[in-house]
Amino acid sequence: SSASTQSLTVPRPDVELPAPPQGFWNRAVEQKWADFSLVLPGARLIAEASRGITVEAAGREALKFSSDELTAIVEIPATGRVVIGDRPGQLRLWDLSAGMPVSLIGQHASAVTSLAYHESKGLVSADDSGSVMRWDLQSGQVLATWSTSSGPEQSIRFSTDGDLIAILTGRWDQSSDVQELHFVESATLKSRSTLFVASSTAVVFQSPDANWVAVNWSGDIHSLETNAVIASVPKQRVSALMLSQQKDQRRLNLPESVP
C-alpha cells in the first residue's frame with residue numbers, strides 16, 4: 001500500500017510587524033514643476049507632482065488643487081483676482097484674498113488647456129477639443145469663438161498691444177512632425193495667418209520689442225522669425241509658462257531686445 005503524506009499547518013500567534021522606518025531613502029520624490037509669484041502681494045503658486053497645486057497667500061490658509069481642478073490660471077491684475085480653468089471645462093473667477101471662488105464665468109465642452117488676459121481685450125480661453133472663446137468677465141457672455149479640427153489647443157497668448165492672439169495647436173503627449181500656429185484678431189477671433197512650427201514647441205508669445213519667440217519643451221527659446229536660439233531656461237520654467245501666462249519675459253529672463 002502507498003503511504004500518503006499530509007502537510008500540517010501549525011497555528012502561529014499573530015505577529016504585528018513594526019512600521020517601516022522613515023527617512024530620505026524611502027520618501028516619495030518631490031518633483032516641483034512650477035513655482036512663481038502672483039500679482040496679489042505675498043501670493044505664490046507651487047505645483048508638485050505628488051502634492052498637486054498650492055496657491056499660497058499671506059495671512060490665510062493655502063488653497064490646494066488637484067491637477068484636474070486647476071489646468072490653467074490667469075491673473076486679472078486690476079482686481080487681484082484670478083481665473084482658473086479645470087478639466088471638466090469650467091472657468092471660475094477666484095478671490096485669492098478671500099480664498100474662495102466668486103463666480104462661474106462659463107463652460108467649455110472639454111478640458112481647459114490655456115488662458116490669456118489683456119487689460120483692454122479681456123479674457124480668452126482654449127480647450128482640449130480645439131476651441132477658443134473670448135468672454136465678458138462680468139456677464140459670462142461668449143463674445144467670439146474660434147475652432148480648428150487639427151487638434152487640441154496647447155497655448156494662447158495675446159500680442160503686447162492686444163490686437164492679436166497666437167494660438168498653438170498640439171499637446172505635449174502627442175507626437176507630430178509640426179504644429180500649427182494660428183494668429184487671430186483678438187476682438188473677433190477671425191483668422192489672420194497660419195504658420196507651422198517644430199513639434200517640440202511648448203508656447204509662443206511676443207516679447208516687449210514686438211518680436212515673437214517660441215519656447216520648446218527642452219527650454220530653448222527661439223526667435224520665430226529667424227529660428228535662432230536666443231536663450232535657454234530650465235524645463236521647470238517652461239511648465240510654469242504652460243500653466244500661466246503672467247510675466248512671460250520676466251519669468252524666462254529674456255533680453256529686452258530679441259535678435
Side-chain angles (χ1 to χ4, degrees), residues 28-38 44-54 67 70-74 85 87 111-116 126-128 130 132 148 150-160 164-183 193-259:
V29 176
E30 296 294 344
Q31 184 181 357
K32 185 184 294 185
W33 56 271
D35 185 351
F36 53 88
S37 60
L38 299 172
R44 192 165 196 85
L45 185 147
I46 300 171
E48 296 174 317
S50 61
R51 295 183 178 180
I53 299 169
T54 302
S67 57
L70 196 159
T71 54
I73 183 172
V74 70
R87 200 166 302 281
V112 177
T113 54
S114 188
L115 295 169
D127 68 29
D128 198 43
V132 176
T148 179
S150 58
E153 307 308 344
Q154 185 165 292
S155 69
I156 51 176
R157 290 294 187 274
F158 278 98
S159 58
T160 52
L164 292 176
I165 298 174
I167 304 172
L168 180 64
T169 298
R171 192 162 63 189
W172 68 272
D173 58 352
Q174 291 183 344
S175 60
S176 61
D177 292 333
V178 293
Q179 291 172 251
E180 292 182 4
L181 175 62
H182 303 272
F183 288 96
S193 61
T194 300
L195 303 175
F196 294 95
V197 296
S199 61
S200 59
T201 305
V203 61
V204 173
F205 64 91
Q206 193 174 34
S207 61
D209 63 0
N211 287 302
W212 289 90
V213 298
V215 185
N216 66 24
W217 289 109
S218 298
D220 293 329
I221 305 171
H222 297 254
S223 164
L224 197 62
E225 182 177 358
T226 66
N227 202 38
V229 177
I230 58 173
S232 182
V233 296
K235 293 181 181 180
Q236 180 189 27
R237 294 192 183 181
V238 181
S239 299
L241 279 180
M242 294 300 299
L243 191 63
S244 170
Q245 75 162 31
Q246 300 307 115
K247 308 170 187 173
D248 286 339
Q249 185 195 20
R250 278 187 287 172
R251 191 172 301 159
L252 291 177
N253 296 322
L254 283 178
E256 288 294 330
S257 178
V258 175

| task | Mark yes or no for whether Ser159, through its side chain, and Leu164, through its backbone, hold a donor-acceptor pair below 3.5 Å. | result | yes

| remark: Ile46 meets the side-chain contact (heavy atoms from CB on, under 4.5 Å) criterion, sequence neighbours left out, with Lys32, Asp35, Arg44, Glu48, Glu56

| query | Which atom pair, heavy atoms only, marks the closest approach of Leu224 to Ala214? | reply | CD1-CB, 4.2 Å

| message | Glu225 vs Asn211, test: side-chain contact (heavy atoms from CB on, under 4.5 Å). Steps then yes/no. | response | CA-CA 8 Å; Glu225 182 177 358; Asn211 287 302; 4.3 Å; yes

| query | What residue among Ile167, Thr194, Leu195 forms side-chain contact (heavy atoms from CB on, under 4.5 Å) with Phe183? | reply | Leu195

| said: For a quick check under 3.5 Å, do Thr169 and Gln179 share a side-chain donor-acceptor pair by atom type? | reply: no

| Knowing that exactly one of Leu168, Val213, Thr160 qualifies, which makes a side-chain contact (heavy atoms from CB on, under 4.5 Å) with Phe205? | Val213

| query | Can you tell me if Asp220 and Ser218 form a side-chain donor-acceptor pair at under 3.5 Å? | reply | no

| Could you give the distance from CD1 (Ile156) to OG (Ser114), rounded to the nearest 0.5 Å? | 4.5 Å

| query | Between atom OG of Ser239 and atom CZ of Phe36, what is the distance when rounded to the nearest 0.5 Å? | reply | 10.5 Å

| CA sep, side-chain torsions, deciding dist, call: Leu45, Leu243, side-chain contact (heavy atoms from CB on, under 4.5 Å) | CA-CA 10 Å; Leu45 185 147; Leu243 191 63; 3.6 Å; yes

| said: Treating Ser244 as the side-chain partner and Leu241 as the backbone partner, does any N or O pair qualify as donor plus acceptor under 3.5 Å? | reply: no

| Side chains of Glu153 and Val132: closer than 4.5 Å at any heavy-atom pair? | yes

| Heavy-atom pair of closest approach, residues Val204 and Ala166 | O-CB, 4.3 Å

| What distance separates Thr71 OG1 from Asp128 CG, expressed to the nearest 0.5 Å? | 9.5 Å

| said: Under a 3.5 Å distance rule, please check whether Thr201 uses its side chain to pair with a backbone N or O of Val203 as donor and acceptor. | reply: no

| task | Answer yes or no: is there a side-chain heavy-atom contact under 4.5 Å between Val178 and Val197? | result | no

| Do Ile230 and His222 pass the side-chain contact (heavy atoms from CB on, under 4.5 Å) test, and can you show the C-alpha distance, the side-chain angles, and the key distance before you say yes or no? | CA-CA 6 Å; Ile230 58 173; His222 297 254; over 6 Å; no

| field | Results of side-chain contact (heavy atoms from CB on, under 4.5 Å) for Ala202 - residues two or more places apart only | value | Gln154, Trp217, Val238, Met242

